[in-house]
Amino acid sequence: MPYNPAIHRRRSTRLRQYDYVLPGDYFVTICAHQRQHLFGEIRDEGMVLNDAGRAAQAYWHRLMHHFVHIRLDAFVVMPNHVHGIIEIVEAPDISIADDAEGASPTSGRGAAFCEPPTPGRGEALSEQLSGLKQDGSGDNASPLRSVKPGTNRPNGPPPGSIGAIIGNYKSVSTRQINRLRRSPGNPVWQRNYHDRIIRTQQQLDNVRAYIHANPQNWGLDQLR
């Protein structure tokens, strides 16, 4: 389905009182700009990544080197979006989190994101999503880390939060993908992303199954 802003633009339903730095599991979906098929194609119910897709995959897997308070669970790159589970294991060390978010491409922690991406391939498994409750979901804006007037603290999501992690991922992956495409400054990701708080083991199992089966179920995917 072609991108139609009148259809695909959704109002945010983010839990306004929820602290997205709290330990727990979060199911995140990030769509390509205007849902363009930037990352590869589905063949024989499996995802075949192109260079941009391999970069999107590689930089996701490097998030744990950048944010030491998280673990990564199931993840898949699709032609025009990515799905992943991020577990915040403990409250982040603010000084480390600030360093990770603000690191330049050539500074210590940021350097991990600037190595050439390694080849990868999406997995197609047979399990399917079932019975997932809509607890705590929303489309959230990527962070813009401008500085608050009269302070040295940036605006935007708290350091180490889901919003900060996704903002970092989108920023560094965009730079590399645009290098590969020779298209500096072009948008790669939609401004918003979708998150869901996973509250039970059953929900976690369902989301893992959904992610693994995503390539196989591409023909039914609403994000096409």
Side-chain angles (χ1 to χ4, degrees), residues 8-16 18-36 38-39 52-53 55-78 80-94 96-103 105 109-110 112-114 117 135-146 154-178 187-198 207 210-211 214 223:
H8 293 137
R9 183 180 178 87
R10 292 179 291 177
R11 183 184 298 274
S12 172
T13 56
R14 183 178 183 180
L15 296 181
R16 296 184 182 276
Y18 192 84
D19 186 352
Y20 282 81
V21 182
L22 287 176
D25 292 297
Y26 300 84
F27 174 33
V28 174
T29 299
I30 316 171
C31 290
H33 179 64
Q34 297 184 341
R35 300 199 185 179
Q36 300 173 73
L38 299 180
F39 308 126
Q57 183 179 74
Y59 286 114
W60 181 272
H61 290 313
R62 291 173 193 171
L63 281 173
M64 285 196 302
H65 300 294
H66 223 48
F67 297 93
V68 296
H69 67 296
I70 70 170
R71 280 197 292 254
L72 301 177
D73 205 301
F75 174 73
V76 68
V77 180
M78 298 294 289
N80 63 355
H81 64 276
V82 301
H83 290 304
I85 299 172
I86 299 173
E87 179 188 2
I88 294 183
V89 179
E90 58 187 354
D93 181 322
I94 299 301
I96 293 177
D98 274 339
D99 175 61
E101 289 158 37
R109 297 180 68 81
F113 280 85
C114 297
D135 289 341
S137 62
D139 291 316
N140 302 323
S142 303
L144 298 176
R145 303 288 284 173
S146 57
N155 287 315
S161 66
I162 290 297
I165 294 165
I166 297 305
N168 184 288
Y169 169 72
K170 290 167 76 173
S171 175
V172 295
S173 61
T174 292
R175 288 197 296 270
Q176 176 61 19
I177 289 169
N178 276 335
V188 171
W189 304 103
Q190 281 190 7
R191 179 176 178 270
N192 290 341
Y193 66 92
H194 184 84
D195 72 76
R196 177 174 293 140
I197 303 162
I198 300 174
V207 171
Y210 173 76
I211 291 173
N214 219 223
L223 297 179

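Residue numbers count from 1 along this sequence. Only a predicted model underlies this, so the values are computations on that prediction, with no experimental measurement involved.
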Derivation and outcome, side-chain contact (heavy atoms from CB on, under 4.5 Å), residues Ile197 and Tyr20
CA-CA 9 Å; Ile197 303 162; Tyr20 282 81; 4.1 Å; yes
Taking atom types as modelled and ignoring hydrogens, do the side chains of His81 and Thr29 form a donor-acceptor contact shorter than 3.5 angstrom?
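No - no donor-acceptor pair under 3.5 Å links their side chains.
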d(His33 NE2, Asn80 CG) to nearest 0.5 Å is 12.5 Å
Rounded to the nearest 0.5 Å, what's the gap from CD1 on Ile30 to OH on Tyr193? Could you check?
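The CD1 atom of Ile30 sits 8.5 Å away from the OH atom of Tyr193.
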Beyond-backbone contact of [X] with [Y], side-chain heavy atoms, under 4.5 angstrom:
{"X": "Val188", "Y": "Leu38", "result": "yes"}
{"X": "Ile211", "Y": "His83", "result": "yes"}
{"X": "Leu72", "Y": "Glu87", "result": "no"}
{"X": "Ile85", "Y": "Tyr26", "result": "no"}
{"X": "Cys31", "Y": "Leu223", "result": "yes"}
{"X": "Asn168", "Y": "Phe67", "result": "yes"}
{"X": "Ile198", "Y": "Val207", "result": "yes"}

Please lay out, stage by stage, how Arg35 and Gln190 fare under the test side-chain contact (heavy atoms from CB on, under 4.5 Å).
CA-CA 8 Å; Arg35 300 199 185 179; Gln190 281 190 7; 3.4 Å; yes
Worked check of side-chain contact (heavy atoms from CB on, under 4.5 Å) between Ile162 and Ile86
CA-CA 8 Å; Ile162 290 297; Ile86 299 173; 4.0 Å; yes
Whether the side chain of [X] engages the backbone of [Y] through a donor-acceptor N/O pair (distance < 3.5 Å, no angle test) should be reported.
{"X": "Gln176", "Y": "Ser173", "result": "no"}
{"X": "Ser161", "Y": "Pro157", "result": "no"}
{"X": "Lys170", "Y": "Arg191", "result": "yes"}

Of all heavy-atom pairs between [X] and [Y], which one has the smallest distance, and what is that distance?
{"X": "Pro158", "Y": "Ala164", "result": "O-CB, 3.5 Å"}
{"X": "Arg71", "Y": "Met64", "result": "CA-SD, 3.5 Å"}
{"X": "Ile177", "Y": "Ala55", "result": "CG1-CB, 3.9 Å"}

Would you sort out whether Phe75 and His61 count as a ring pair (Phe, Tyr, Trp, His ring centres under 6.0 Å), showing the intermediate values?
CA-CA 9 Å; Phe75 174 73; His61 290 313; 5.7 Å; yes
Go through the steps to decide whether Trp189 and Phe39 satisfy the test ring pair (Phe, Tyr, Trp, His ring centres under 6.0 Å), and finish with yes or no.
CA-CA 11 Å; Trp189 304 103; Phe39 308 126; 5.1 Å; yes
Taking the inter-plane angle between the rings of Trp60 and Tyr169 on a 0 to 90° scale, is it parallel (under 30°), tilted (30 to 60°) or perpendicular (over 60°)?
perpendicular
Suppose we screen for salt bridge (charged side-chain N to carboxylate O under 4.0 Å, His left out). Which residues come up paired with Asp73, at least two apart in sequence or across chains?
Arg208
Mind checking side chain to side chain donor-acceptor pair (under 3.5 Å) for Asn178 and listing every partner two or more places apart, or none if nothing turns up?
Arg181, Ser183
Residues in side chain to side chain donor-acceptor pair (under 3.5 Å) contact with Ser171, at least two apart in sequence or another chain
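Here the qualifying residues are Arg175.
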